[in-house]
**Q** 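The structure's right below; bear with me while I get my questions together.
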Protein chains: 2
Amino acid sequence: MIHTVAETGRGRPTMNDVAAAAGVALKTVSRVVNEERGVNEATAERVRQAIALLGYRRNDGARVLRRGRTASIGLVIEDVADPFYSLLSRAVEDVALGNGSLVFTGSSGEDSLRERELVLAFCARRVDGLIIVPAGDDHGYLVPELAAGIRAVFADRPAGPGLDVDTVLCDNTGGARAGTAHLAAHGHRRIAFLGDNPAIFTAEERLRGYREALASAGLAYDAALVAMGTPQQERLHADLARLLALPDPPTALFTGNGRTTVTALRALEALDARPTAAGGIAIVGFDDFELADMLSPAVTVVAQDPANLGRTAAELLFRRLSGETGPAERLRLPTRLIARGSGELPPP
Amino acid sequence: MIHTVAETGRGRPTMNDVAAAAGVALKTVSRVVNEERGVNEATAERVRQAIALLGYRRNDGARVLRRGRTASIGLVIEDVADPFYSLLSRAVEDVALGNGSLVFTGSSGEDSLRERELVLAFCARRVDGLIIVPAGDDHGYLVPELAAGIRAVFADRPAGPGLDVDTVLCDNTGGARAGTAHLAAHGHRRIAFLGDNPAIFTAEERLRGYREALASAGLAYDAALVAMGTPQQERLHADLARLLALPDPPTALFTGNGRTTVTALRALEALDARPTAAGGIAIVGFDDFELADMLSPAVTVVAQDPANLGRTAAELLFRRLSGETGPAERLRLPTRLIARGSGELPPP
DNA sequence: GGCGCGGCTGACAACGTTGTCAGGTCTCAC
DNA sequence: GTGAGACCTGACAACGTTGTCAGCCGCGCC
């Protein structure tokens with residue numbers, strides 16, 4: 001039988017309230033809530049009724065305090081609004097949910113200070129683990145956290161020096177090499193490179209791949225054909241205007257990430273120099289993007305698989321959380337060249 | 001002076017450990033950590049040194065248990081990987097961070113059961129508030145949570161019946177009306193409608209707008225010109241093939257959301273019926289999308305502002321959390337028609 | 001009748017923090 | 001010399017849960 005209970009007014013009911021309502025001890029409620037065996041079915045039913053009556057829900061914060069594990073992880077990326085990271089996020093979420101874990105998400109906005117704040121805030125909430133796409137390259141602040149048992153996996157970019165931690169990267173150099181070589185194989189000898197800020201690990205690796213491909217093709221590296229920086233419309237417009245005005249202008253363009261590719265296409269349009277099916281400057285871009293196949297010409301890309309990146313990192317994290325030991329892993333995920341037209345245009 | 005302390009081995013240092021190391025009482029450490037005034041500067045400095053030495057970080061879980069507020073909110077959307085929701089997410093994140101709050105994110109995948117699980121899991125963590133893009137239309141499970149003081153704001157779609165809660169919606173009907181009227185104004189009399197599953201609130205509202213615009217233009221509603229369902233490639237391909245094979249086929253197409261627009265464009269391409277600058281079926285799509293302006297012809301859209309939606313919902317939530325009372329608000333955000341070419345093609 | 005055992009229940013401490021309250025020391029004015 | 005007040009510090013309970021341990025009851029067996 002259910003005893004009515006004087007509602008204490010404000011605030012949520014606790015196990016104590018449920019216990020009082022059901023006429024049992026606190027601990028019995030705990031057992032029912034956690035579906036432990038050894039509770040008489042009639043008693044359990046009375047407790048369940050009291051729970052429903054009061055709208056009780058277990059306070060996981062208190063539970064965590066008692067047990068240690070929070071069943072939550074933190075994900076720090078550059079920007080959820082960027083398709084690359086949103087695909088990565090979704091994959092991380094799915095793996096986490098499959099492991100009974102919730103996900104704190106935060107965008108650093110390529111600001112190492114904000115990255116640090118987010119990570120430490122997550123650590124203060126005692127997340128079990130972290131997946132980090134770092135913005136900065138000093139992660140000393142993580143040392144005490146790792147020592148305290150929080151596991152971290154770095155994704156897309158490695159941790160700063162001195163941190164021996166699991167890392168999942170993309171084959172940036174190989175991908176850029178393949179993309180650049182593809183252009184060279186189609187007869188281009190003046191290939192420009194538009195990349196992100198060279199302080200960013202991936203941008204620098206991709207530049208390296210570009211240079212290696214040039215060398216393999218017997219082409220000289222010409223600094224005048226390289227422009228790097230944040231992919232803003234105005235900057236790219238100016239860079240491309242400069243490149244096209246060179247006495248010996250490039251006949252092909254390798255762009256270092258998705259945002260740069262799209263922005264460059266817009267800038268070329270504004271400069272009246274966008275490739276057409278009939279011809280024009282050839283383009284290969286790092287990163288696939290939505291509708292690349294619907295432009296004319298369709299855009300040839302070196303595709304990464306951001307979902308795979310997120311999934312791999314998350315699975316690695318959960319393997320660690322379930323006790324897997326061993327030295328820090330450092331994985332490289334492959335890229336794939338998708339020829340669609342813009343990278344197969346011949347030089348004039 | 002710092003006393004050395006016997007490291008207890010596993011686990012993180014607590015305030016107690018710091019207190020022992022600094023030779024002060026637990027409460028003094030608490031005061032220093034929380035930057036309360038009234039602590040002698042020399043003492044405080046000793047405590048800070050002990051904190052640094054031990055790598056101490058406050059356990060926010062315990063703090064929350066004591067204080068009641070968690071400084072975290074939960075965000076449930078359909079899919080972070082969808083650009084619409086990823087823009088919304090970013091806006092929510094930014095507002096939350098500005099209010100000193102962290103964000104749990106979860107994708108329901110348009111599954112009402114998963115929505116419920118996510119929301120209740122967030123509630124068990126005692127988030128202060130929720131922003132929900134609902135997948136289902138029964139939110140009875142939220143009643144006890146709301147009664148217990150968790151604030152919720154529904155975004156993009158309303159809560160199920162019986163729940164009187166803050167809601168931020170888009171002007172779906174008005175937008176669809178404007179888009180359809182735009183096509184009619186350009187001379188089209190056979191306008192097809194491709195929408196999402198009509199069980200989804202926004203899809204149904206947009207269909208209504210489409211019908212209203214037809215009526216205003218003196219055009220008859222023809223069920224044969226309407227196809228609704230999940231925007232999968234095969235389904236849309238079949239629907240469009242059927243439409244184009246009609247004895248009196250449509251000369252224009254209104255598509256009910258971003259995913260549908262993009263998928264329909266691909267299907268038209270496969271059917272060799274994609275519009276060109278020279279002519280073809282006219283298209284207006286609900287939702288703007290990246291590169292809509294770079295296709296040929298560029299795609300005319302009825303644009304929502306997902307970031308604005310997220311920001312508005314989050315700001316409303318935080319106003320509630322900071323004590324604003326009053327009846328539940330129900331906001332409607334405007335849409336904007338952006339003419340780019342595909343919607344201005346004349347009928348043949 | 002006594003003993004052991006399985007099944008069920010409850011009392012109590014502990015998790016790491018903060019709010020409350022009390023106490024101690026010092027300074028200053030009377 | 002004493003009281004008032006400012007300043008600093010600490011003891012203790014409480015937040016809501018779970019782990020540990022002990023106890024009760026009824027049963028079957030010696």
Side-chain angles (χ1 to χ4, degrees), chain A residues 8 10-48 50-51 54-71 121 123-128 148-150, chain B residues 8 10-48 50-51 54-71 121 123-128 148-150:
Chain A
T8 49
R10 281 269 62 75
R12 302 187 73 109
T14 70
M15 278 194 178
N16 231 329
D17 302 328
V18 175
V24 299
L26 174 61
K27 181 63 200 187
T28 299
V29 178
S30 172
R31 280 195 259 263
V32 173
V33 168
N34 292 295
E35 297 180 344
E36 290 171 30
R37 44 192 221 90
V39 178
N40 183 291
E41 182 46 32
T43 313
E45 185 49 33
R46 223 166 60 224
V47 170
R48 278 191 288 267
I51 287 175
L54 298 179
Y56 168 78
R57 183 165 315 285
R58 180 176 61 201
N59 183 331
D60 278 356
R63 169 173 228 241
V64 157
L65 183 58
R66 197 54 239 260
R67 310 186 93 206
R69 274 286 176 95
T70 57
C123 289
R125 300 303 172 96
R126 296 294 188 270
V127 294
D128 299 328
I150 291 187
Chain B
T8 49
R10 284 268 61 78
R12 302 188 73 110
T14 71
M15 279 194 178
N16 230 328
D17 301 329
V18 175
V24 298
L26 173 60
K27 181 65 201 186
T28 299
V29 178
S30 172
R31 280 195 257 265
V32 173
V33 168
N34 291 296
E35 297 180 347
E36 291 171 29
R37 44 191 224 91
V39 178
N40 182 293
E41 183 46 32
T43 312
E45 185 49 33
R46 223 165 60 222
V47 170
R48 279 191 288 269
I51 287 175
L54 297 179
Y56 168 78
R57 183 163 317 283
R58 178 176 63 200
N59 183 332
D60 276 357
R63 169 172 227 238
V64 156
L65 183 57
R66 196 54 237 264
R67 308 185 94 206
R69 275 284 177 96
T70 57
C123 289
R125 301 301 173 95
R126 295 295 188 271
V127 292
D128 299 328
I150 291 188

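A note on names: the letters A, B, ... follow the listed sequences, proteins ahead of strands, and every chain is numbered from 1.
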**Q** Kindly write out the residues that satisfy salt bridge (Lys or Arg N to Asp or Glu O under 4.0 Å) with R57(A), not counting sequence neighbours, or none if the list is empty.
**A**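 Per chain and number, R57(A) pairs via salt bridge (Lys or Arg N to Asp or Glu O under 4.0 Å) with E145(B).
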**Q** Among dG10(D), dT17(D), dC8(C), which nucleotide sits nearest the side chain of T28(B)?
**A**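 Ranking dG10(D), dT17(D), dC8(C) by closest atom to the T28(B) side chain puts dG10(D) first.
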**Q** How long is the line joining CZ of R37(B) and P of dC7(D), in whole Å?
**A**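 Nearest whole value for this atom pair: 7 Å.
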**Q** Only counting residues at least two apart or in another chain, list the ones meeting side chain to side chain contact (heavy atoms under 4.5 Å, CB included) with L26(B).
**A**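 By the side chain to side chain contact (heavy atoms under 4.5 Å, CB included) rule, L26(B) matches M15(B).
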**Q** From the list dT17(D), dT18(C), dG16(C), which nucleotide is the closest neighbour of the side chain of M15(A)?
**A**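 Taking heavy atoms from C-beta onward, the closest nucleotide is dT17(D).
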**Q** Compare every heavy atom of A22(B) with every heavy atom of A50(B), then report the nearest pair and how far apart it is.
**A**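 Closest approach of A50(B) to A22(B), heavy atoms only: CB-CB, 4.0 Å.
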**Q** Could you go step by step and tell me if R46(A) and T28(A) meet the side chain to side chain contact (heavy atoms under 4.5 Å, CB included) rule?
**A** CA-CA 11 Å; R46(A) 223 166 60 224; T28(A) 299; over 6 Å; no
**Q** Which of the following nucleotides, dT9(C), dT17(D), dT18(D), is nearest to the side chain of S30(A)?
**A** dT18(D)
**Q** Under the side chain to side chain contact (heavy atoms under 4.5 Å, CB included) rule, collect the residues that match up with N40(B), sequence neighbours excluded.
**A**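 Partners of N40(B) by the side chain to side chain contact (heavy atoms under 4.5 Å, CB included) criterion, ordered by chain and then number, come out as A42(B), T43(B).
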**Q** Hey, which sits more toward the 5' end of DNA chain D by its nearest nucleotide, L65(B) or V39(B)?
**A** V39(B)
**Q** Counting the atoms with a prime plus P, OP1 and OP2 as sugar-phosphate, which does V33(A) contact under 4.0 Å by heavy atoms, base, sugar-phosphate, or nothing?
**A**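 No contact.
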**Q** Between P on dG16(C) and CZ on R57(B), what's the gap in Å once rounded to a whole number?
**A** 16 Å
**Q** Rounding to an integer number of Å, can you tell me how far N40(B) CG sits from dG10(D) P?
**A**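 It works out to 11 Å between those atoms.
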**Q** Would you kindly give the CZ-to-C1' distance between R125(B) and dC15(D), to the nearest whole Å?
**A** 18 Å
**Q** Looking across every strand, which nucleic acid part, if any, lies under 4.0 Å from V24(B) by heavy atom: base, sugar-phosphate, or nothing?
**A** sugar-phosphate
**Q** When the nearest nucleotide of DNA chain C is assigned to A44(A) and to N59(B) on a heavy-atom basis, which residue is associated with the more 5' position?
**A** A44(A)
**Q** Can you sort out the partners of R31(A) under side chain to side chain donor-acceptor pair (under 3.5 Å), two or more places apart, ordered by chain and number?
**A**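 With neighbours one apart ignored, the set is empty.
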**Q** When you measure from the side chain of R12(B) to the backbone N and O of A148(A), does any donor-acceptor pair fall under 3.5 Å?
**A**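 No, the answer is negative, given that no donor and acceptor are paired below the 3.5 Å cut-off.
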**Q** If you fit an axis to the five pairs at each end of the helix from dG1(C)-dC30(D) to dC30(C)-dG1(D), how big is the angle between those two axes, to 10 degrees?
**A** 60°
**Q** Which nucleotide wins on minimum distance to the side chain of E36(A), given the candidates dG19(D), dG16(D), dC8(C)?
**A** dG19(D)
**Q** Describe the nucleic acid contact of N34(A) in one word from base, sugar-phosphate, nothing, applying a heavy-atom distance below 4.0 Å.
**A**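 Sugar-phosphate only.
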**Q** Is there a side-chain contact between R63(A) and the phosphate of dT18(D), meaning an N or O under 4.0 Å from OP1 or OP2?
**A** yes
**Q** Under 4.0 Å between any heavy atoms, over every strand shown, what does T14(B) touch: base, sugar-phosphate, or nothing? Just pick one.
**A**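 Result for T14(B) = sugar-phosphate.
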**Q** How close do V24(B) and V29(B) get, counting heavy atoms only, and between which atoms?
**A**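 So the minimum-distance heavy-atom pair works out to CG2-CG2, 3.9 Å.
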**Q** Mind checking what makes salt bridge (Lys or Arg N to Asp or Glu O under 4.0 Å) contact with R58(B), not counting sequence neighbours?
**A**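 Applying salt bridge (Lys or Arg N to Asp or Glu O under 4.0 Å) to R58(B) gives D60(B).
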**Q** What nucleotide, of dT9(C), dT18(C), dT18(D), holds the atom closest to the side chain of R58(B)?
**A** dT18(C)
**Q** Check nucleotides 22-28 of chain C against the protein and report each pair of N or O atoms closer than 3.5 Å, with its distance, or say if there are none.
**A**
none

**Q** Can you tell me how far the CG atom of L54(A) sits from the OG1 atom of T14(A), to the nearest 0.5 Å?
**A**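 Interatomic distance, L54(A) CG to T14(A) OG1, rounded to 0.5 Å: 9.5 Å.
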**Q** The criterion is side chain to side chain contact (heavy atoms under 4.5 Å, CB included); which residues satisfy it with A62(B), sequence neighbours excluded?
**A** L65(A), N59(B)
**Q** Atom CG of D60(A) and atom C1' of dT17(D): how far apart are they, to the nearest Å?
**A**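 D60(A) atom CG is separated from dT17(D) atom C1' by 10 Å.
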**Q** In chain order, what residues pass the salt bridge (Lys or Arg N to Asp or Glu O under 4.0 Å) check against E41(B), with sequence neighbours excluded?
**A**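 For E41(B) the salt bridge (Lys or Arg N to Asp or Glu O under 4.0 Å) partners, ignoring immediate neighbours, are R48(B).
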**Q** Which one, dT18(D), dT17(D), dT9(D), comes nearest to the side chain of Y56(A)?
**A**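 Ranking dT18(D), dT17(D), dT9(D) by closest atom to the Y56(A) side chain puts dT17(D) first.
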**Q** Taking CZ from R69(B) and P from dG16(D), how many angstroms apart are they, rounded to a whole number?
**A**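 Taking CZ of R69(B) and P of dG16(D), I get 16 Å after rounding.
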**Q** For N16(B) and dG10(D), what is the distance between atoms CG and P respectively, to the nearest whole Å?
**A**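 About 12 Å, once rounded to whole Å.
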**Q** Using a cut-off of under 3.5 Å, enumerate the N/O to N/O pairs linking the protein to nucleotides 11-14 of chain C.
**A**
{"residue": "dA14(C)", "atom": "N3", "partner": "R66(A)", "partner atom": "NH1", "Å": "3.0"}

**Q** Test of understanding: with side chain to side chain contact (heavy atoms under 4.5 Å, CB included), list the residues that count as partners of T70(B), not counting sequence neighbours.
**A**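 With neighbours one apart ignored, the set is V64(B), S72(B), R126(B), D128(B).
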